[in-house]
Every structure is written in structure tokens, then in C-alpha cells.
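For the numbers below, each heavy atom of this structure counts, side chains included, while hydrogens, waters and symmetry mates do not. Quick note on labels: first sequence line is chain A, next is B, and so on, each numbered from 1. All values derive from a computational prediction rather than experimental measurement.
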Amino acid sequence: MSDATQDGPVLAADGRPLKRSLARALRAQKLRALMLIAPLLIFILVTFIAPIVDMLFRSVENQIVSETLPRTVVALDEWDPSDLPEDDVYAALALDFYAATERRQHTRLGSRLNYETTGMSSLFRKTGRGVDDIGEIYTDQFVDLNEQWEDPLFWLPLVSDTGWLASRPAEGEDRPLSLFRIDAEFGASFPRAAEAYEVFARTIQETDGDDPAEEEPWHLVYAALYHDLMAIHDSGEGAEGLGRFDGPVFVAALEAVPGFETQSYRDAFEDIDEDWLDLEVWGTIEAFSDPFTAGYFLSSVDLQLTPQGIEAQPEDQRLYLLLFWRTLFMSGVITISCILLGYPIAYLLSNLPTRTSNLLLILVLLPFWTSLLVRTSAWKVLLQQQGVINDILVWIGLVADDSRLALINNQTGTIIAMTHILLPFMILPMFSVMKTIPPSYVRAAKSLGATNFTAFRRVYFPQSIPGIGAGCILVFILAIGYYITPELVGGRTGTFISNRIAFHISSSLNWGLAAALGSILLAVVLVLYWLYDRIVGIDNVKLG
Amino acid sequence: MTSDQTEAFVAFDRVQKSYDGEVLVVKDLNLHIGRGEFLTMLGPSGSGKTTCLMMLAGFETATHGEITLDGKPINNIPPHKRGIGMVFQNYALFPHMTVGENLSFPLEVRGMGKSDREGKIKRALDMVQMGDFINRRPAQLSGGQQQRIALARALVFEPELVLMDEPLGALDKQLRETLQFEITNLAHELGITTVYVTHDQTEALTMSDRVAVFDDGRIQQLAAPDTLYEEPQNSFVAQFIGENNTLQGTVSKMAGDMCEVTLEDGSVIDAVPVNVSAVGEKTQVSIRPERVEMDRSRLADDAHTLKAEVKEFVYMGDIYRTRLSVAGTEDFIIKTRNAPDQRRLKPGESIEIGWRPQDCRALDA
């Protein structure tokens with residue numbers, strides 16, 4: 001035993017601080033405990049937490065626009081949304097689009113943007129087919145001027161970085177070609193052409209494994225070169241502006257370009273599809289150019305991101321708020337039905353002799369042993385218009401044969417079937433709580449003068465609330481995310497938000513929106529849980 | 001029986017009770033309890049005492065017979081209309097209510113106004129010295145405190161009859177003794193009739209005006225504590241109340257209010273015949289350990305004595321407890337007061353013991 005010294009930590013017998021000794025003694029124990037839970041922990045992390053985090057991330061992730069059209073996104077920074085973009089934006093778009101087409105990424109981006117503005121998908125597909133013609137007019141004129149312009153080997157030494165050139169494998173040498181690097185001086189003199197050539201060279205290298213030494217440059221490279229030469233011409237520097245590249249071919253080109261026939265990039269895009277002159281198309285691209293977007297979440301609550309800011313969806317496209325509200329409302333109704341039906345059963349079970357109550361408990365659990373699909377399908381048989389229940393009602397005479405009740409493929413059907421399916425989740429926690437309430441409490445209340453009803457209301461019921469609370473949480477949270485039953489018996493008006501999520505996951509493939517809907521559902525459940533904790537107190541929940 | 005039927009406050013009249021239709025748990029119970037009396041039902045578990053209490057409270061119905069309260073039959077009155085206060089074994093304080101709310105409950109269900117209620121609650125809590133605990137929850141109280149509150153709750157609506165079902169069973173010895181004393185005092189001060197159920201004979205002896213000893217669904221003896229202890233009517237009561245020595249024998253001579261009993265080894269002792277009437281009957285003789293004398297000079301000259309051998313000596317502080325071998329019995333106990341001149345016996349010692357004939361009762365075999 002060691003006591004605390006006057007002004008220091010308590011020391012163990014060997015003079016070490018007691019706390020450190022204790023930690024050391026417990027470390028092995030903790031490590032062993034950790035190793036015992038490690039398999040489950042890893043399993044949960046990999047199969048549960050990670051997919052959820054990934055899904056949550058998908059709800060805001062939007063890198064596809066900035067990855068596919070990097071130069072366009074940068075060029076659009078200074079765009080005034082009230083007018084069409086400048087021609088250099090179209091130039092950037094042409095280069096990005098050509099590269100995207102070569103990489104076959106333009107259709108993916110098209111379908112992504114189609115979630116926001118309809119028509120984008122077909123526009124992108126159409127543009128993909130026409131983009132390789134942009135700038136052809138310049139190629140022809142350069143080649144007319146000098147056939148050397150057509151020769152890949154004329155271009156290569158001019159534009160390539162000397163280091164990259166030197167590293168090229170020699171003839172017959174079996175060695176991969178390293179990624180193309182542009183010559184810095186060429187870039188200084190002809191910035192647009194340098195950029196275009198670099199995109200060209202790298203794209204063909206990466207997509208098809210081609211060698212720039214064997215491929216004719218894209219028309220866009222010639223168009224860029226034209227604009228560079230025009231800029232030198234306009235600066236009035238003459239051949240001086242060509243820098244190192246003042247060979248006769250370049251000088252001749254410089255002299256010829258003012259006389260070239262021209263076509264602006266915008267006109268070229270207009271030739272492909274007039275929609276490229278539509279401000280909405282550009283607004284959509286600009287609005288979703290950030291790597292992260294609130295767009296999916298806005299769609300989830302019937303809002304949309306437009307170039308003018310956040311707006312409500314058109315009346316006829318609003319869907320999700322209604323679905324969320326319906327999901328919450330119907331889950332509430334199902335929970336209340338479960339309480340009303342389950343409470344008397346739980347009360348009976350907890351007050352019967354153990355033998356009888358165990359037998360009845362098996363009946364309560366019986367539904368768990370049959371397939372969910374079987375149970376739901378059974379309800380279809382019972383509830384349909386020509387089904388058992390309607391037949392009986394008609395036979396009794398309560399309902400006329402020509403006005404049979406619509407009990408299925410609507411909200412009624414969903415509520416009836418789901419109440420049945422979720423009832424055991426309400427009964428079991430209520431039962432286990434009620435079993436712990438000693439009968440002497442009610443006896444005491446009666447001996448003190450309370451009638452049966454008062455004794456129940458003021459003494460028994462308050463003590464059974466923890467069971468109701470646990471049942472409510474279970475049933476409500478299960479109901480809010482239920483999918484199969486509403487899908488089968490819900491029809492059009494009885495489906496839940498989860499059916500919509502499933503639709504976006506498996507049919508429309510809009511995973512971002514599905515993720516956003518799921519995240520909102522998760523948030524709603526957490527908020528409700530928090531509210532429940534504040535109002536009822538989570539300590540008051542007993543599952544057994 | 002000290003009170004006759006006309007002035008009985010509570011009366012059980014030929015009451016029988018069976019749960020399954022095969023076994024009678026209570027067999028032909030006749031019991032009259034006077035107003036203001038403190039009556040204890042004492043007996044081993046399964047003897048039917050709690051069933052009797054529950055029938056009186058209204059939670060069980062009598063299979064046969066009639067129970068009257070203040071002259072009115074109550075067989076068909078539901079428990080909440082009987083106006084009987086009850087204290088339960090596990091206190092049964094409502095856990096979701098404070099102490100004040102627990103006490104307020106019986107008054108509220110009687111429709112009493114708020115100011116009246118507050119006065120009564122305060123008085124009841126002061127009565128059990130728990131006035132400061134009005135806003136606590138039962139879970140924040142110790143067992144003894146909970147028991148006090150349960151008592152206050154049973155008394156707050158001023159019932160004339162209070163039933164207590166082993167209320168002190170879960171408490172430690174010291175606390176139990178304090179509360180025994182308090183409950184008795186309170187019951188007598190308030191003049192309420194109390195029916196108290198326990199299996200603890202000390203509790204029954206110290207608290208009650210009269211004790212009903214239950215066994216096998218019948219009252220074996222109903223008497224004041226001293227009578228019960230000193231004059232048990234049968235061997236069950238003699239065994240159940242206090243410590244007791246028994247010797248088996250045969251009645252060999254009847255002489256008026258005295259008899260002689262010949263024990264199995266042939267020795268003869270004097271006894272008071274209680275359940276024996278003729279010579280030749282088998283009997284079980286009962287002598288209290290503290291009534292056995294070792295000093296021949298303190299006995300009458302013609303008293304019969306027995307030879308005994310000391311087997312074991314136990315020092316218990318206030319008394320010495322000595323186990324002897326007497327007339328073929330190995331566990332004959334005597335108790336002697338720890339007085340300055342008292343001799344401590346040693347195992348193996350041979351002594352002579354005897355007793356006043358009136359302390360030795362010849363009971364049923």
C-alpha cells in the first residue's frame with residue numbers, strides 16, 4: 001500500500017505512479033477484450049459503416065462535371081449568366097468535349113446532368129458525334145498552305161519537350177512511351193495550340209495507346225494555332241512574335257492567317273445542336289460545376305438549383321415532400337394501431353400463468369417463422385376486391401356487391417399489412433416490461449381505494465410506459481424504412497419513401513438522389529429519436 | 001377468546017378457502033377480532049395466514065363462510081370499497097410517484113380537496129418521522145424509510161382497520177426491532193385495529209395483543225403472547241413458539257391436575273396434563289430450557305429429578321446454553337443466566353436436573 005505523498009501523485013510499491021501501474025496492469029486485459037471484439041468490429045466497419053458513409057458521400061459528391069470538363073468549368077468562372085458565354089468558353093468546351101468523347105465519358109456526364117435538366121443526355125450524345133468536325137476548316141487551310149502541317153512528324157519535334165523526345169524508345173525497342181510533355185517555349189509562343197496539342201497527345205496515348213508521332217493532330221489543334229497566330233498578327237510584332245519558331249513554314253502561316261476563312265466555336269456548336277445557344281444548358285453546367293453539390297438534397301425536398309438560385313420544383317414534378325410526409329404519417333398510424341392492438345395482448349400475456357402465456361407467446365412469434373413475402377401475399381388474398389374479407393362483407397350484407405371496399409393497393413392495405421407484420425415488435429417489449437410490474441402495486445392501489453380503472457390508469461399504465469416507448473421506437477423506425485410490404489400492397493398511394501429510394505438505386509440509377517433521400521430519412525429518424533429522448537427520456541425505454 | 005361475538009369488529013365465521021377445488025388452504029376458520037386490537041397471524045409458510053389476510057382485504061374470495069367487518073358482511077364488497085389500509089411485504093410504493101404523491105393517492109381517489117390533502121399528508125409523514133422526504137422518490141429511500149412511508153400511506157386516509165403482510169421481512173434485525181416498537185405504539189395511539197401477518201415468532205410475541213398461531217389451515221391456538229409461550233395447547237405451538245425441550249413418554253398416573261409420565265428409559269417425571277386424560281396414553285412432554293433447574297435445593301423435596309450428562313457448552317453473552325443428554329435424548333437444552341455465581345458446566349460432567357411440575361406440560365404425542 002502506498003499513500004499519496006505531500007505534493008505528488010500516488011505511487012505504487014515500486015515507485016512508479018500508481019495510475020501508470022494501473023494502466024499497465026489493465027492494458028493486457030483491454031487488448032484481449034479488443035481482440036475478442038475485433039472480428040465483429042471489422043465486419044461491421046467493412047459491411048455496415050463503410051457503405052453508409054459511402055452512400056452519404058454520394059449524396060453530395062459531384063466531381064463528374066469538373067473532372068470531365070475541367071477547362072470549361074474554369075472558363076465559366078467569369079461568365080455572366082444573363083448572356084451566352086464568350087467564344088473562349090466554347091473553345092474550352094470543344095477541347096474538353098473532344099477529350100471526353102475520346103474517353104467515352106460524355107454520355108455519363110449527359111445522364112448525370114439530365115437529372116437536373118431534361119434533354120441534356122441527348123444533347124451530349126449528339127454533340128459527341130459532331131465534335132470531331134469542329135476546326136476542320138482551319139486544318140484544310142493550313143494543309144493547303146503547306147502539306148507539312150499534315151505530317152505528325154513535322155509537329156512532334158516542334159512541340160515536344162526535349163527531354164521527352166530523348167526518352168522516346170528507339171526503333172524496335174520494346175519499352176512503353178512515357179506521357180507526352182509539351183515544350184515550354186512552344187507553350188509561351190502558342191499557348192492555345194500548346195494546350196490543344198497536349199490534350200490531343202495525352203488523350204490518344206491514354207485511351208488507345210497511340211503514339212503522337214503517328215497520328216495527325218485534331219482539327220482543334222489547328223483551330224487553336226490559327227487563333228494563336230492571329231493574336232501574334234494582331235499584336236503587330238510580326239515574325240518577332242514567333243520566337244524560336246520563325247522557320248519559313250511558320251512565317252508563311254503568320255502571313256496567311258488574316259486571309260483565312262473562319263468559323264467561331266460558338267457557330268460550330270450551333271451547327272451541331274442549337275441547344276448550345278440555350279442559357280439553361282449553360283446554367284445547368286455552371287450550377288453543377290462544383291465538386292460538391294446540394295442538388296440531390298434540394299431535389300429530395302422538391303427544390304431545384306437553377307442559375308437564378310434555389311427554386312421550388314414545378315408543381316407537377318413535386319413528389320418527395322409528399323412521400324416523406326406520407327411515410328411519417330403512415331408510420332405513425334401503424335405505430336398507434338400496434339399500440340392499440342398489442343397492449344391488451346401484452347397485458348393478458350403478462351398476467352396469465354407462465355405455461356399458458358408461453359404458449360400464447362409462441363403464437364405471437366409465429367409470424368416470424370413464416371416468410372415476410374408469404375404473409376404479405378396472404379394479405380393480398382384476403383384484402384382484394386374479390387377477396388375473402390370483401391366476400392364475407394357482401395355475404396353478410398354490410399357491403400353491396402357493386403361497391404366492394406378497396407382494401408388493398410392503397411394506404412389502407414399498407415397500414416393493415418404492416419400493422420400485422422410489425423405487431424410482434426410492439427408486443428414483445430411491452431410484455432417484458434409488464435412482466436416486471438409486481439401485482440402488489442395494483443393491489444396496493446385498490447386497497448387505497450382506487451377503482452379498477454383508476455388503479456390501471458394511475459398505477460399500472462405509467463409503469464408500462466417504458467415498454468410502450470421501446471415498442472414505439474422499434475415499430476416506428478422499422479416502419480419508416482419498410483420497403484417490401486408497401487411495394488406489394490401499397491399500390492400508388494400507399495408507397496413509402498423507401499420504394500422511391502429503391503427505384504433510384506435499381507431503375508433510374510440516380511444513386512446520388514437515392515443517397516440524399518436516404519440521408520434525409522436517416523436524419524429524420526435521428527431527430528425523432530432525439531425528440532423522443534427529450535420528451536420521454538431514453539432511460540425510460542426497456543426492452544426486457 | 002377475550003371478546004365475544006357481539007362486539008367483534010372483524011369476524012371470520014366458518015371460513016374455508018380452496019384454490020383448486022381439491023385442497024383446502026383454510027379449513028373452518030373462526031376468528032373474532034375486537035375493535036382496537038392488535039392481532040398477529042403467525043405460522044409457517046403455507047399455513048394459510050396470508051390467504052386469510054387477502055380474503056379480509058378482498059383480493060381473494062372465501063370459498064365458504066362469511067367475513068364481517070363492523071357487523072356488515074363484506075364478501076361481496078370489492079377491495080377498494082372496504083376502506084382497509086394495507087401494508088405490503090415489498091412495500092408496494094408506486095415507483096413513478098414521489099412520497100407525497102404516494103400519500104396523496106388514497107386521498108385523491110376519495111375526492112378530497114388539495115388543502116385537506118396537504119394537511120393530512122404532512123400529519124401522516126410526521127407520524128412516521130419522514131416529514132422531510134415528501135419530494136423523494138421511493139427508489140431514493142432505504143428499506144426502513146420505504147416501510148415507514150408505506151405505513152404512512154396505509155394510515156393517511158384514516159382507516160379503522162390496517163392489514164400488514166410481513167412488512168418487516170426485508171429489513172435487518174436492528175431496524176426491525178425499532179419499527180416493531182414504532183408500529184405497535186402508532187397502532188395503539190391511533191386506536192386502529194391491526195391484523196399483522198408474520199412468520200417471525202419474536203415479532204408476534206413482542207407486538208401483539210393476541211396471536212393466532214396457524215398451521216395446516218387452522219388456528220392452533222389463539223391467545224395473548226404470555227399465555228401462548230407459557231401454556232401452549234399442543235405440541236405444534238410449543239415447538240413453534242420459542243425454544244422447547246420435548247421428551248416422549250407414557251402417562252403412568254393421573255392425580256387431579258397433575259400427572260406422572262414414565263419416559264422411555266423408565267424414569268418418571270411430573271407434568272401438567274394438557275392433552276392427556278387417561279393412564280396409558282402416549283404423550284410428548286414439553287419443558288422450556290430456561291425453566292430447568294440444576295440446583296436440587298430450589299426444587300420441592302418430593303420432586304422427581306433426572307440424571308443428565310453435559311454434551312456441549314455454548315457461551316452466548318447474556319446466557320449460557322448447555323446441551324445435555326437426558327433420558328435417551330441427545331439434544332436437551334438448558335439456558336442459564338450469565339450471573340456472577342453461575343457455574344459453567346464442562347462437557348462430560350454429570351448433573352441432576354429437575355423442574356417445577358407446572359412448567360412441564362404433557363401434550364399430544
Side-chain angles (χ1 to χ4, degrees), chain A residues 339 343 346-348 350-357 429-472 532-544, chain B residues 19-20 50 53-54 56-60 77-98 101-112 121 124 137-139 146 149-159 161-167 170 195:
Chain A
I339 296 175
Y343 196 93
Y347 181 83
L348 182 72
S350 60
N351 284 297
L352 283 174
T354 315
R355 269 177 58 111
T356 330
S357 75
M430 289 207 289
F431 168 67
S432 60
V433 168
M434 284 180 184
K435 247 187 122 59
T436 63
I437 304 175
S440 63
Y441 286 128
V442 172
R443 286 190 166 178
K446 285 187 196 167
S447 81
L448 293 170
T451 59
N452 284 344
F453 178 69
T454 313
F456 172 78
R457 185 177 60 88
R458 297 214 31 205
V459 176
Y460 192 87
F461 182 73
Q463 294 188 67
S464 66
I465 283 180
I468 301 180
C472 281
Y532 187 92
D533 185 32
R534 292 294 301 271
I535 297 167
V536 182
I538 216 68
D539 305 340
N540 278 333
V541 170
K542 267 199 270 180
L543 286 169
Chain B
Y19 285 105
D20 52 7
T50 300
L53 196 75
M54 288 299 164
L56 186 51
F59 298 124
E60 302 288 355
I77 300 178
H80 66 270
K81 290 196 180 138
R82 295 192 181 189
I84 299 173
M86 187 150 179
V87 181
F88 289 84
Q89 193 169 7
N90 54 3
Y91 323 132
L93 294 175
F94 306 141
H96 57 292
M97 300 183 187
T98 63
E101 287 163 351
N102 262 288
L103 263 70
S104 174
F105 184 82
L107 306 177
E108 276 171 47
V109 298
R110 285 175 167 74
M112 194 177 283
I121 292 167
R137 297 235 169 215
Q146 290 190 42
I149 300 301
L151 187 62
R153 189 178 67 175
L155 297 174
V156 70
F157 62 99
E158 293 165 5
L161 175 63
V162 174
L163 311 181
M164 301 191 191
D165 183 11
E166 307 204 19
V195 179

Check your understanding: Taking Pro95(B), Pro79(B), Ala57(B) one by one, which has the highest count of heavy-atom pairs under 4.5 Å against chain A?
Key -> Pro95(B)
Exercise for review: Go through the atoms of Gln89(B) and report whether side chain, backbone, both or neither lie under 4.5 Å from a heavy atom of chain A.
Suggested key: neither
Practice item. Quick one: pull up CE in Met54(B) and CG in Leu56(B) and give me the separation to the nearest 0.5 Å. Key: 10.5 Å
Review point. By a 4.5 Å heavy-atom criterion (distance strictly below it), what part of Arg82(B) contacts chain A: side chain, backbone, both, or neither?
Key: neither
Practice item. Test the Arg443(A)-Phe88(B) pair against the cation-pi criterion, namely NZ or CZ under 6.0 angstrom from the six-membered ring centroid and within 45° of the ring axis. Key: no
Practice item. Could you tell me the separation between the CG atom of Asp165(B) and the CZ atom of Phe59(B), rounded to the nearest 0.5 Å? Key: 10.5 Å
Point to revise | Part of Asn90(B) lying under 4.5 Å from any heavy atom of chain A | key: side chain
Exercise for review: Indicate the ring-plane relationship of Phe94(B) and His96(B), choosing parallel, tilted or perpendicular according to the 30° and 60° boundaries.
Suggested key: tilted
Exercise for review: Assign the ring pair Phe461(A) / Tyr343(A) to parallel, tilted or perpendicular, where the plane angle (0 to 90°) is split at 30° and 60°.
Suggested key: tilted
Point to revise | Choice from Ala92(B), Gly85(B), Ala154(B), Pro78(B) maximising heavy atom contacts with chain A below 4.5 Å | key: Ala92(B)
Point to revise | Which atoms of Leu93(B) approach chain A - backbone, side chain, both or neither, heavy atom under 4.5 Å | key: backbone
